[in-house]
Protein chains: 2
Amino acid sequence: MLGRKVTLKDIANRAGLSVNTISRALKDKDDIAPATRQAIKTIAKEMGYVGNSAAGSLRSGHSRTIAVIVSDVANPHFGILVKDIENTARKHNYTIFVINTEENNELEERAIQIAISKNVDGILICPAQYSAENMHLMKRNGIPFVLVGRRFVDEPAFDYVICDDEKGGYLAAKHLLDQGHTRILFLNAPQRISSAQERYRGYMRAHEEAGLSVDPALTKEIGIRTGDAKEKVETMVERSEPFTGIFAFNDVIAWEAMYALQLRGCKIPEEYAIIGFDNIHSRMFVPFPLSSISSSQGEMARRAVEILLHKINRPDEEHSFKEVIDTAVISRAAANGAHG
Amino acid sequence: MLGRKVTLKDIANRAGLSVNTISRALKDKDDIAPATRQAIKTIAKEMGYVGNSAAGSLRSGHSRTIAVIVSDVANPHFGILVKDIENTARKHNYTIFVINTEENNELEERAIQIAISKNVDGILICPAQYSAENMHLMKRNGIPFVLVGRRFVDEPAFDYVICDDEKGGYLAAKHLLDQGHTRILFLNAPQRISSAQERYRGYMRAHEEAGLSVDPALTKEIGIRTGDAKEKVETMVERSEPFTGIFAFNDVIAWEAMYALQLRGCKIPEEYAIIGFDNIHSRMFVPFPLSSISSSQGEMARRAVEILLHKINRPDEEHSFKEVIDTAVISRAAANGAHG
DNA sequence: TTGTATGCGTTATCAC
DNA sequence: GTGATAACGCATACAA
């Protein structure tokens, strides 16, 4: 055991062959004698050889790796998304790694730099959207990338795969309006985020259609920090601000809102009806029902990977990819008298 | 805009200086004229330069990056752990990226290879533990690593940071036994995993102490797949196998068990008492109470990073690190008549 | 079928 | 303070 990284040279020395032969044998090139190849592979395995992709990609220009940059690893929505991305990527013989931005602009810039500096072939990113500047970092460096779940409407050059957020917002609000709720608290993400804007538009459209105006006091911006939604809901209840429905930007925020209501002794669904977004209850079993808007993460992940690989493999093609995946209401009612 | 990666050479051309000077200026070496440095930095920023750490680490031998290899990104426990690791690493000016193994041996091997091949300075890993072979891949390549949450008892050379799983298992079982439950279903992880073994030992010790023997039919192995716990619990209920308490290996399994019981119309906590592990309810607000064993992820993350950095910086020091962080019962009762 | 030479982008060393 | 040169580990082109 060397106690340091095993290189092609180490194997070459052991095998009495040139570095080149080792390299070609391990890459299964066809101009190596089968016996030689076998012998080399055995030695490589024995020595615990792990290729240095940093060196390899420096020379070859590709690494069969893609970086996935997400805004919140602790949100199961992204955990599921990452899993789905990984599965699709693996089918195409690509490996992924994940970098977290915590919805922070500086961390996002760092994340992109790390990805680029590790010579990834492409990047899938759910952008924090403080500005498009970080995206231009990828553009300028010629790295193929696809936006996932969010888009920049002012930047037609950026490809994306999103779900139909406007429709989702519309369906969510309509779902509650149809149940007779007229004052719907919208726990939305910050407005810089495209999906927040679009869901808001849908929320407004549903109200207009119902002939209702919306009290601006009912729209709150929730940050990524745990406890933010809880505090907002608590304040509303404390001040006896009237509302009976809640539409949450995502299911984790919805959970927190439900928690806050319970704390204050409010009854769900007797006093409040709630709907979330992402439909994560379809991918993990949680012991309370929550209606939600399905954004089809699996489909989103698959298309995002496929488009990215397409761009990686045909860098000169100018094709533009803008995919909007359909959304739908998934209605979950209280089963056995429990809340929902 | 070049439309390809910006290199030091590009900046050197623009600035009319040598590549070496650019490199030294951007790295804030002190033998560069302040004016030169400033001019260079401006140009670099303008051109959207991103250092190629793949090339840099090839030469320098380090990258200020560590890889975090976890078994299930979709489990919020790991999401929180990753966040905490990231925070500590950032304080020391290290960047992390995450690779998922889905508790699969081949994916784990691939993950380790990716990490090593990207020239990371060290690895934090929650091993899948099919064998210690994958760990030896790191050992043989001289990459510092620290096990997080799991350990190899037969391999005294592998450093780790874990929580006191035996005590955790003991406390969990005792918590339920003290409430009068004598038949406690243990939804454990597979036995190859050290924490599963140790929690099982604790579970047994609590029973012995109470003068009770344990029915082997009450111990089930739950895989990583969503739905596994649900099916096991449903089968138990269907067959009317008697039990009134459940101890789940982690909180996500506990959620699923509660879900399954509710589906069958079982009442919690009237008919069943449940306790989980990881205490993720302390880091996200979920609208139902769940008692759990606190494993102090924050502390675990902090220590793991510190130990890893120590090993990176003092590679010759033979110091061995084996840290066991205390566990405790966090009891959560039903608040407003809801279940718990 | 195998070996030799070259260069990827960066950093370390040394000369000026 | 700055520039020239070599080297990291690997893959490619080409020679043998």
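We use all heavy atoms of the structure for the numbers below, so side chains are in, but hydrogens, waters and symmetry mates are not. Throughout, protein chains are lettered first and strands after them, A, B, ... in sequence-line order, and every chain is numbered starting at 1.
Put simply, CG on A:Leu26 is 10 Å from P on D:dC10, counting in whole angstrom units. Taking atom CG of A:Asn119 as the reference point, atom P of D:dG9 lies 17 Å away to the nearest angstrom.
With a cutoff of under 4.0 Å to any heavy atom of chain A, the contacted region of DNA chain C is bounded 5' to 3' by C:dT1 to C:dG9.
Taking five base pairs at each end of the helix from C:dT1-D:dA16 to C:dC16-D:dG1, the local helix axes there meet at an angle of 40°, rounded to 10°.
Heavy atoms of A:Thr7 sit under 4.0 angstrom from primed sugar atoms or phosphate atoms, though from no base atom. Contacts of B:Ser53 with the nucleic acid, taken as non-hydrogen atoms under 4.0 Å apart, are absent.
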Tabulate below the donor-acceptor pairs under 3.5 Å that side-chain atoms of residues 35-43 of chain B make, not counting sequence neighbours, or state none.
from    : atom 1 : to      : atom 2 : distance (Å)
B:Arg37 : NH1    : B:Lys29 : O      : 3.0
B:Lys41 : NZ     : B:Asp28 : OD1    : 2.9
B:Lys41 : NZ     : B:Asp28 : OD2    : 3.4
B:Thr42 : OG1    : B:Gln38 : O      : 2.9

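Within the structure, no pair that satisfies the salt bridge (charged side-chain N to carboxylate O under 4.0 Å, His left out) test touches residues 49-61 of chain B, not counting sequence neighbours.
Residues satisfying the salt bridge (Lys or Arg N to Asp or Glu O under 4.0 Å) test with B:Glu318, not counting sequence neighbours, are none.
Of all heavy-atom pairs between B:Ser63 and B:Asn119, the closest is OG-O, 2.7 Å.
The number of heavy atoms from other shown groups lying within 6.0 Å of CD (A:Glu133) does not exceed 12. Within a 6.0 Å radius of NZ in B:Lys322, other residues, nucleotides and ligands contribute more than 12 heavy atoms.
Tested against A:Phe97 for a side chain to side chain contact (heavy atoms under 4.5 Å, CB included), the candidates A:Val120, A:Val82, A:Val68 yield a single pass: A:Val120.
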- request: Output, in order, the C-alpha distance, side-chain angles, deciding distance and verdict of side-chain contact (heavy atoms from CB on, under 4.5 Å) for A:Val73 and B:Lys83.
  value: CA-CA 7 Å; A:Val73 273; B:Lys83 266 194 178 177; 4.3 Å; yes
In B/S/- notation (B base, S sugar-phosphate only, - none; protein heavy atoms under 4.0 Å), nucleotides 11-16 of chain D written 5' to 3' is BBB---
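In the model, B:Asn100 has no side-chain atom that pairs as donor or acceptor with a side-chain atom of A:Glu86 under 3.5 Å.
Taking the six-membered ring where the residue is Trp, the centroids of B:Phe152 and B:Tyr160 are separated by 6.0 Å or more.
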